Every structure is written in C-alpha cells, then in structure tokens.
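Beneath this line is the structure, given in structure tokens, with notes to follow.
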Amino acid sequence: MTNARPAKYTHGHHESVLRSHQRRTAEDSAAYLLPHLRPGMSVLDIGCGPGTITADIAARVAPGAVVAVDRVADVLAVARAESRGRDLSNVTFATADVHRLDFPDDAFDIVHAHQVLQHVADPVGALREMRRVCRPGGIVAARDADYAGFTWFPQIDALDLWRDLYRRAARANGGEPDAGRRLLSWALDAGFADVTPAGSAWCYATPETREWWGGMWADRIVRSDVARDLLDLGLATAAQLEEIAAAWRAWAAAPDGWLSIPHGEVLCRA
C-alpha cells in the first residue's frame, strides 16, 4: 500500500466533462478487456465516473457483482442513475482512493481502471494496490490516453497551445498526461510478470463526432476546472482560453476535420 497523496483531478466534474465521459462505452473504451469477461465474475471498476462503462461491464458479468468506486461522491449519484436506468441490480458504489482501496486481498476477478492512472500521484503504487485486491490469476486492466500523441487536421496553432497548456496543468496537479506510453513500464515496475500490452485509438472525423468533441472542449477550456487551474497557475490568460475555444469550434466546423487520440492498454495477470 502506497502512502502517496492523491493528485488533483485536472478535469473536474463540470457538465462539459461529464458530457464527454457519459458518451463512453465498454466497446469504445474497454474492447481489449471484453473477451476476458464472463458471467459470474466479480469486478472492481476504479474511477467509474458517470458509470456508462461500469454498466456495460455489469451487464456482461451478471449475475457477478460489480463494485464501482470514485473519489467524488457527487459523480457516483450520476453512476447510480445510469445503473438504475438500465435495470442493473448487480452494481454497488463507494468512494475510494486507488492508492488505498478499502477491500480485502484477493477480492475480485477483474480490477479495471479507465483513464485513471494518468491522474494519480503514484501510478506504480496504484497498480500494486489494484493487484492486491485482485485474486491470483485474475486480471488488472488499465487504459489511458497519451496527450502528446494527439493528432489533428487541419493544423490550428491554438490547438497546439491547448495541448501544451493541458499537459502543463496536468503535471502541475501531480498527474502524467502522457500515461498511455508508460503503462507497460508502470506495470512491470509494479511487479507484474505477465503483462499483455496493446494500444487503440479514438477517431473523430464525422460531422457528428466533430461537433460533439469540438463543442465539448470549447466549453471545457473556458468553464471547467482545467480553465480555473490554467488561470490560477498563471499558465494562460482568459483571452488565450477564448482563442482555444474558438479554435475547437473552427476545427469542428471544418468538413475535413480529423482527430486521433491514442491510448495505451495493459492486461496484467495477478
């Protein structure tokens, strides 16, 4: 168990952030894990957020029990509503810190974390703690984006500024925005001997997906905790954030707009 203090969650839980997270599914965010899920398995879903991925997993492992945890109690209310709306009775919820999980050793068949390790103070310690609560032979699964690898077209200078500012804010908050490329290294440092590394990407290039992503970040960069941190840390001005918001709207409106977001993935046998 690590003694690391939690890093600050850079994105926060503004509506624009939840709008992004509520779009996620197990198919687009945990496809690497789905072949390993079986009915009756027990699952711990760490950093569940609004619970859409959790609900997809719970439907696949039912009647197995799923425990969904997040550090923020308010967002768990959204996740509970998601499960209730899908008539899932095999999910329970609790607040938890991945560095100090309040569960016994060997408690779960699967321990899953999506876009979590990039935000924690000690990702290696977090993986060790995930391993502790995973039964021998079970799976610890993690997937994280890699911000330095984001690629888009058309090239817009203000979006380069956006990426640079976000990465600086995330690191100031104690996280690692380029986590995807580091997952294998972290897993090995955590003591896993059997690790299957992989990668996948989200791609947004249709009018509908561009409008969603560009509009979401146009709001997030001026209204969410990211904006507050950038201003408080003196990393950006309000005018720069408005310029970035306009750039995301311009990218979304471009008929040839294209964005790729790479992710690292690891399946670790406990």
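Worth saying up front: this structure is predicted, and the values here are computed from it rather than measured.
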Cluster check [X], [Y]: I/L/V/M/F/W/Y, side chain < 4.5 angstrom:
{"X": "Trp186", "Y": "Val120", "result": "yes"}
{"X": "Leu101", "Y": "Val124", "result": "yes"}
{"X": "Ile261", "Y": "Ile156", "result": "yes"}
{"X": "Leu183", "Y": "Leu44", "result": "yes"}
{"X": "Val69", "Y": "Phe93", "result": "no"}

Working to the nearest 0.5 Å, report the span between [atom1] of [X] and [atom2] of [Y].
{"X": "Trp251", "Y": "Tyr204", "atom1": "CH2", "atom2": "OH", "result": "9.0 Å"}
{"X": "Trp248", "Y": "Ile221", "atom1": "CH2", "atom2": "CD1", "result": "9.5 Å"}
{"X": "Tyr9", "Y": "Asp70", "atom1": "OH", "atom2": "CG", "result": "8.0 Å"}
{"X": "Arg228", "Y": "Leu233", "atom1": "CZ", "atom2": "CG", "result": "12.0 Å"}
{"X": "Ile110", "Y": "Cys134", "atom1": "CD1", "atom2": "SG", "result": "6.5 Å"}
{"X": "Leu34", "Y": "Thr25", "atom1": "CG", "atom2": "OG1", "result": "8.5 Å"}

Salt bridge (charged side-chain N to carboxylate O under 4.0 Å, His left out), paired with Arg167, selected from Asp178, Asp160, Asp146
Asp178
Check: [X]/[Y] side-chain N/O donor and acceptor closer than 3.5 Å:
{"X": "Thr54", "Y": "Glu82", "result": "no"}
{"X": "Tyr32", "Y": "His263", "result": "no"}
{"X": "His114", "Y": "Arg143", "result": "yes"}

Atom of [X], atom of [Y] and distance for their closest heavy-atom approach:
{"X": "Gly137", "Y": "Arg269", "result": "O-NH1, 2.7 Å"}
{"X": "Thr52", "Y": "Gln22", "result": "CG2-O, 3.3 Å"}
{"X": "His112", "Y": "Ala30", "result": "NE2-CB, 4.1 Å"}

Test Asp106 against Arg132 for salt bridge (charged side-chain N to carboxylate O under 4.0 Å, His left out), laying out the working first.
CA-CA 6 Å; Asp106 308 336; Arg132 180 186 67 78; over 6 Å; no
Side-chain ([X]) to main-chain ([Y]) donor-acceptor, under 3.5 angstrom:
{"X": "Ser260", "Y": "Trp258", "answer": "no"}
{"X": "Arg210", "Y": "Gly257", "answer": "yes"}
{"X": "Gln240", "Y": "Thr237", "answer": "yes"}
{"X": "Ser83", "Y": "Arg80", "answer": "no"}
{"X": "Asp45", "Y": "Cys48", "answer": "no"}

Residues Asp109, Ser42; criterion side chain to side chain donor-acceptor pair (under 3.5 Å); working and verdict
CA-CA 5 Å; Asp109 297 311; Ser42 59; 3.2 Å; yes
Aromatic contact, His21 with His13 (centres under 6.0 Å)
no
Hey, do the aromatic rings of Trp162 and Trp217 have their centres closer than 6.0 Å?
yes
Audit row: Asp144, Arg182, salt bridge (charged side-chain N to carboxylate O under 4.0 Å, His left out) steps and yes/no
CA-CA 9 Å; Asp144 274 273; Arg182 292 170 165 82; over 6 Å; no
Who are the side-chain hydrogen bond (donor to acceptor under 3.5 Å, both in side chains) partners of Arg168, not counting sequence neighbours?
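Arg168 satisfies side-chain hydrogen bond (donor to acceptor under 3.5 Å, both in side chains) with no residue once adjacent residues are dropped.
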Stepwise, does the salt bridge (charged side-chain N to carboxylate O under 4.0 Å, His left out) test hold for Lys8 with Asp229?
CA-CA 10 Å; Lys8 179 181 177 182; Asp229 287 346; 2.6 Å; yes
pair Tyr147-Gln118: side-chain heavy atoms closer than 4.5 Å:
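Of all side-chain heavy-atom pairs linking Gln118 with Tyr147, at least one is under 4.5 Å.
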Among Val91, Asn90, Thr92, find the residue that satisfies the side-chain contact (heavy atoms from CB on, under 4.5 Å) test when tested with Val67.
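Of the listed options, the one satisfying the test is Thr92.
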